[in-house]
Amino acid sequence: MNKGPLAVVGAAVLWGTAGTAGLLVSADSVALAAARLVIGGAALAVVARAAARRSTKVITPGLLLGAVAVAAYQLCFFAAVSRTGVAVGTVVAIGSGPVFTGLLSWVLHGRRPSGRWALATTAAVCGCAALIVGGGTQAGAQVVSGTLFALLGGLLYAFYAVMAAGAIGRGAESNAVMGVMFGGAALIMLPVLALHGAAWLTEPRALLAVLYLGLGTTALSYLLYGLGLRTTPVATAATLALAEPAVAALLGLVVLGERLAPMSLAGLVLLALALVAVAVPEKQEGKAVPERELESRA
């Protein structure tokens, strides 16, 4: 049984809790994103040390650019959530991810997405549109700027996912790839955290929240995501990540008391259908995609 999709969904579930955990902290979005990445990236770098020794040429220009994209994505994500709310901000960022990922994978690696992926992604885009139209009571300018931040985050996510999948397809160990990207992102965000100050981390609730964001929603989740990319095409993995907005929306409703209009709820149903459509293997895909096949396609 191919466990790659399950690992990707497990990562997405952890990601889906990030927006809610972040809103429980009083720090601004930039400081929060920096602290999350410094902690999570450092943990990934430590875990990946042994894997990096066994892999050759792990540090490549593509992964270094991926590290920059990882850092920028965090800033865009929390900026979007603070303006649109957890449900809408997360759905737009991750709902747009499969579109950008499929296109980048096609352009950079020549891997044309399947017809079923296209249908599932179309459903995801429609679900995002429904969430935006029916969601929230925020001021219009806030929603527009937050949506733009979320779309930019989706593009950045797609870029570093494609870079990671390409490196894994060429034979690098997934833990080493994630360690390079997120360890590099942690170094980028360390001066950002210093500039914005870390005094807010002395509050017990803030410290616990950031430790969870760093170790749970970053380190553990991306170890799972890298494991999933070994046998799951990156465009498919990006669509499976639609489990994240579903979890985020449910937490926004249950924990934070956010309200979604019927149209927004219909959007969530579309996202769920897209997730199921991609997760269930096609008949001709009865076997897992071997790593050497990923390598030949990359």
Side-chain angles (χ1 to χ4, degrees), residues 11 14-49 52 58-59 63-86 89-90 93-94 142 145-146 148-150 152-157 159-161 163-164 175-226 244 248 256:
L14 287 170
W15 294 335
T17 65
T20 299
L23 289 181
L24 298 177
V25 179
S26 59
D28 66 82
S29 60
V30 175
L32 181 60
R36 177 191 184 186
L37 258 188
V38 167
I39 294 172
L44 278 169
V46 170
V47 171
R49 285 184 65 186
V58 179
I59 301 178
L63 289 186
L64 293 178
L65 287 174
V68 176
V70 168
Y73 169 77
Q74 299 299 317
L75 300 175
C76 289
F77 174 77
F78 284 109
V81 166
S82 67
R83 288 165 170 79
T84 65
V86 171
T90 305
I94 302 304
Q142 286 284 85
S145 63
L148 291 176
F149 273 118
L152 178 57
L155 177 59
L156 291 166
Y157 161 79
F159 179 78
Y160 72 74
M163 291 298 102
N175 287 356
V177 169
M178 294 302 169
V180 168
M181 283 205 312
F182 282 83
L187 290 176
I188 293 172
M189 297 299 278
L190 189 58
V192 175
L193 179 60
L195 285 174
H196 280 261
W200 53 277
L201 288 172
T202 59
E203 300 177 7
R205 187 176 73 168
L207 179 59
L208 288 175
V210 170
L211 285 174
Y212 173 74
L213 286 169
L215 299 178
T217 71
T218 302
L220 177 58
S221 64
Y222 277 99
L223 288 175
L224 289 172
Y225 190 65
E244 174 180 352
L256 301 177

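For this chain, numbers begin at 1 and follow the sequence in order.
Residues Tyr157 and Trp15 are in side-chain contact: their nearest non-hydrogen atoms beyond the backbone lie under 4.5 Å apart. The shortest side-chain heavy-atom distance between Leu215 and Leu220 does not fall under the 4.5 Å cut-off. Put simply, the side chain of Leu65 does not reach to within 4.5 Å of the side chain of Met163, judged on heavy atoms.
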Below 3.5 Å, can you tabulate the donor-acceptor pairs from side chains in residues 36-44 to any protein atom, sequence neighbours excluded?
{"residue": "Arg36", "atom": "NE", "partner": "Thr217", "partner atom": "OG1", "Å": "3.3"}
{"residue": "Arg36", "atom": "NE", "partner": "Thr218", "partner atom": "OG1", "Å": "2.9"}
{"residue": "Arg36", "atom": "NH1", "partner": "Gln74", "partner atom": "OE1", "Å": "2.9"}
{"residue": "Arg36", "atom": "NH2", "partner": "Thr217", "partner atom": "O", "Å": "3.1"}
{"residue": "Arg36", "atom": "NH2", "partner": "Thr217", "partner atom": "OG1", "Å": "3.1"}

Tabulate below the donor-acceptor pairs under 3.5 Å that side-chain atoms of residues 198-206 make, not counting sequence neighbours, or state none.
{"residue": "Trp200", "atom": "NE1", "partner": "Gly197", "partner atom": "O", "Å": "3.0"}
{"residue": "Thr202", "atom": "OG1", "partner": "Ala199", "partner atom": "O", "Å": "2.7"}
{"residue": "Arg205", "atom": "NE", "partner": "Leu24", "partner atom": "O", "Å": "3.2"}
{"residue": "Arg205", "atom": "NH2", "partner": "Leu24", "partner atom": "O", "Å": "3.2"}

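Heavy-atom contacts from other residues, nucleotides or ligands closer than 6.0 Å to OH of Tyr222 number more than 12.
Heavy-atom minimum distance, Ala34 versus Val192: CB-CG1, 4.1 Å. For Ala21 against Leu213, the heavy-atom pair with the smallest separation is CB-CD2, 3.9 Å. Taking every heavy atom of both residues into account, Ala11 and Ser221 meet most closely at CB-O, 3.1 Å. Minimum interatomic distance between Ala67 and Val180 (heavy atoms only, all atoms of both residues): CB-O, 4.5 Å. When every heavy atom of Met178 is checked against every heavy atom of Gly226, the shortest pair comes out as CE-CA, 3.6 Å. Arg83 approaches Ser145 most closely through the heavy-atom pair CD-OG, 3.3 Å.
Of the possible donor and acceptor atoms, none in the side chain of Thr20 sits under 3.5 Å from a partner among the backbone N and O of Thr17.
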